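The chains referred to below are lettered A, B, ... by the order of the sequence lines, with proteins before strands, and numbering in each begins at 1. Quick note: numbers below take in every heavy atom, side chains included, and nothing from hydrogens, waters or symmetry partners. Keep in mind the model is a prediction, meaning the values are calculated, not measured.
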Amino acid sequence: MTVRVQSEDFDVGAESRALQAETVGGIALFVGTVRGLSSDDGVTAMVLEHFPGMTEGELERIEAEARARWPLEDVTIIHRVGRLLPGEQIVLVAAASAHRRAAFDAAQFIMDFLKTDAPFWKAEERGDDRRWVEARDSDSTARGRWSE
Amino acid sequence: MTVRVQSEDFDVGAESRALQAETVGGIALFVGTVRGLSSDDGVTAMVLEHFPGMTEGELERIEAEARARWPLEDVTIIHRVGRLLPGEQIVLVAAASAHRRAAFDAAQFIMDFLKTDAPFWKAEERGDDRRWVEARDSDSTARGRWSE
Amino acid sequence: MTLTIRYFAWMREHTGTDLETVDLPDGVARVGDLVPHLATISDGHALALQNLQVVRVAVNRAYGDLDTPVAAGDEVAFFPPVTGG
Amino acid sequence: MTLTIRYFAWMREHTGTDLETVDLPDGVARVGDLVPHLATISDGHALALQNLQVVRVAVNRAYGDLDTPVAAGDEVAFFPPVTGG
């Protein structure tokens with residue numbers, strides 16, 4: 001199990017390889033990236049702040065909940081903080097399992113809970129304008145469907 | 001859109017990077033790997049055969065169906081053929097979208113349809129024994145839930 | 001009427017061939033009509049085609065079934081349910 | 001009773017601090033009791049805490065709410081709904 005909060009970029013290939021093992025049949029990964037100017041958002045940069053000490057604990061708690069629900073061989077969660085430019089990677093969630101469906105569901109579950117529970121905050125820059133991103137109802141909805 | 005059938009390995013990091021763009025908010029990836037001796041399977045090698053010409057067409061058809069269902073920026077499907085050892089990568093499906101849920105659903109949809117529709121066949125080797133893998137009902141079930 | 005026939009996986013192993021060209025009488029109009037003719041080619045062919053329930057068919061690289069029409073020059077492929085991924 | 005208070009994101013910007021130590025009278029037993037005291041520290045504190053509906057709370061790095069008990073030495077964090085990922 002790997003949980004990291006860091007300013008440096010991460011290597012999706014290396015993280016995927018690190019989860020490969022003879023007991024693993026599949027690895028589901030999600031890479032979140034910064035949308036930018038050429039999208040509707042018009043964002044020129046993203047600044048990510050977090051709550052050191054609490055963040056890692058929340059990510060470990062989410063990971064433990066995923067392991068309790070699905071037969072997972074291993075999980076990796078990496079989240080970047082600091083100033084990121086459009087196209088850059090923000091977050092990686094990877095879940096390895098003997099079973100494809102478990103890997104997919106666990107990765108999606110972890111992303112949904114990370115979005116609502118992990119103490120990260122984003123500010124978007126558009127030129128000289130800097131604005132804190134508001135939480136979206138769709139993220140609470142996504143989290144809610146796991147308790148159905 | 002990239003569809004490749006090849007004997008060589010692939011680089012998950014490079015494939016993920018190739019899908020990054022300013023309009024992309026997230027990339028969902030699935031890497032299928034060969035389970036091996038240390039799992040319950042006891043497999044020492046896997047031999048993958050396919051139907052050249054038909055395979056690529058089926059993968060493109062599945063990819064087009066995914067694009068018709070979800071707002072995808074790009075999709076990559078790579079499937080290896082030939083003799084693979086435990087722990088090796090077999091298949092990569094990656095879907096990039098502005099929206100996390102669309103990326104996850106599309107990647108899972110493509111994997112489910114690939115499993116039932118793309119003309120690949122696996123033989124498992126256990127020492128000197130070589131046996132064709134039988135299709136699993138669970139794969140038909142996984143495909144079926146998309147038409148609910 | 002001449003057709004190209006392909007076999008994959010254990011059907012290829014049973015028939016001993018992955019590709020053959022067969023000449024068929026005029027009455028052959030659908031994939032199902034082919035089967036009795038192919039089954040006479042060898043014991044392996046008969047074995048491969050004995051249980052059509054577990055056999056999949058593609059005509060000119062698109063999925064079909066025993067009712068799919070065939071015409072001169074078509075490529076007909078027989079194979080077990082797929083197991084990739 | 002001394003507590004450590006943390007603020008994040010726009011609450012940090014409004015209060016002008018990410019971390020402060022506050023001395024509170026003995027009647028303060030729960031997170032909600034803290035708020036009127038913190039709101040007097042500055043106009044920015046008052047602004048940050050004016051709409052508690054949109055504020056989240058953690059006590060000693062675990063999620064809580066306005067009813068969560070607090071004791072001397074606790075760390076209480078106030079922040080907006082999270083937006084990572």
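A donor-acceptor pair under 3.5 Å is formed between the side chain of B:Ser147 and the backbone N or O of B:Gly144. Not one N or O on the side chain of C:Tyr63 forms a donor-acceptor pair closer than 3.5 Å with the backbone of C:Arg56. Between the side chain of B:Ser97 and the backbone N or O of B:Pro71 there is at least one donor-acceptor pair closer than 3.5 Å. Within the 3.5 Å criterion, the main-chain N or O of B:Glu125 finds a donor-acceptor partner in the side chain of B:Thr44. Judged by distance alone, with hydrogens and angles left aside, the side-chain atoms of B:Arg35 form no donor-acceptor pair with the main-chain N or O of B:Pro86 at under 3.5 Å.
Among residues 51-69 of chain B, the residues having any heavy atom closer than 4.5 Å to a heavy atom of chain C are, in sequence order, B:Phe51, B:Pro52, B:Gly53, B:Met54, B:Glu58. Within residues 7-20 of chain C, the residues approaching chain B closer than 4.5 Å by heavy atoms are, in numerical order, C:Phe8, C:Ala9, C:Trp10, C:Arg12, C:Glu13. Within residues 65-83 of chain C, the residues having any heavy atom closer than 4.5 Å to a heavy atom of chain B are C:Glu75, C:Ala77, C:Phe79, C:Pro80, C:Pro81, C:Val82, C:Thr83, listed by residue number. Of all residues spanning residues 21-46 of chain C, none has a heavy atom less than 4.5 Å away from chain B's heavy atoms.
Atom CD of B:Glu134 is surrounded by 12 or fewer heavy atoms from other residues, nucleotides or ligands within 6.0 Å. Atom CG of B:Asp137 sits in a sparse spot, with 12 or fewer heavy atoms from other residues, nucleotides or ligands closer than 6.0 Å.
Contact annotation for B:Ala118: only backbone heavy atoms (N, CA, C, O) come within less than 4.5 Å of a heavy atom of chain C. Contact annotation for C:Arg6: only side-chain heavy atoms (C-beta onward) come within less than 4.5 Å of a heavy atom of chain B. Heavy-atom distances place no part of B:Arg131 under 4.5 Å from chain C, backbone and side chain included.
From B:Glu88, atom CD reaches atom CG of B:Asp9 across 6.5 Å, with rounding to the nearest 0.5 Å. The distance from the CD1 atom of B:Ile78 to the CD atom of B:Glu15 is 3.5 Å, given to the nearest 0.5 Å. Taken from CG in B:Asp105 to CZ in B:Arg100, the straight-line distance is 11.0 Å, to the nearest 0.5 Å. With values rounded to the nearest 0.5 angstrom, B:Met46 atom CE is found 11.5 Å from B:Arg83 atom CZ. Put simply, CZ on B:Phe104 and CG on B:Leu29 are 9.5 Å apart, with the number rounded to the nearest 0.5 Å. From B:Phe113, atom CZ reaches atom CG of B:Asp139 across 12.0 Å, with rounding to the nearest 0.5 Å.
Using cut-offs of 30° and 60° for the angle between ring planes, the B:Trp70 and B:Trp146 rings count as perpendicular.
C:Gly85 and B:Val91 get closest at one heavy-atom pair: C-CG1, 3.8 Å.
Considering only heavy atoms from C-beta on, B:Val5 comes within 4.5 Å of B:Phe120 through its side chain.
In this structure, B:Asp129 does not pair ionically with B:Arg126, as no charged nitrogen and carboxylate oxygen lie closer than 4.0 Å.
Under the 3.5 Å distance criterion, with hydrogens and angles disregarded, a donor-acceptor pair is assigned to the side chains of B:Thr23 and B:Glu73.
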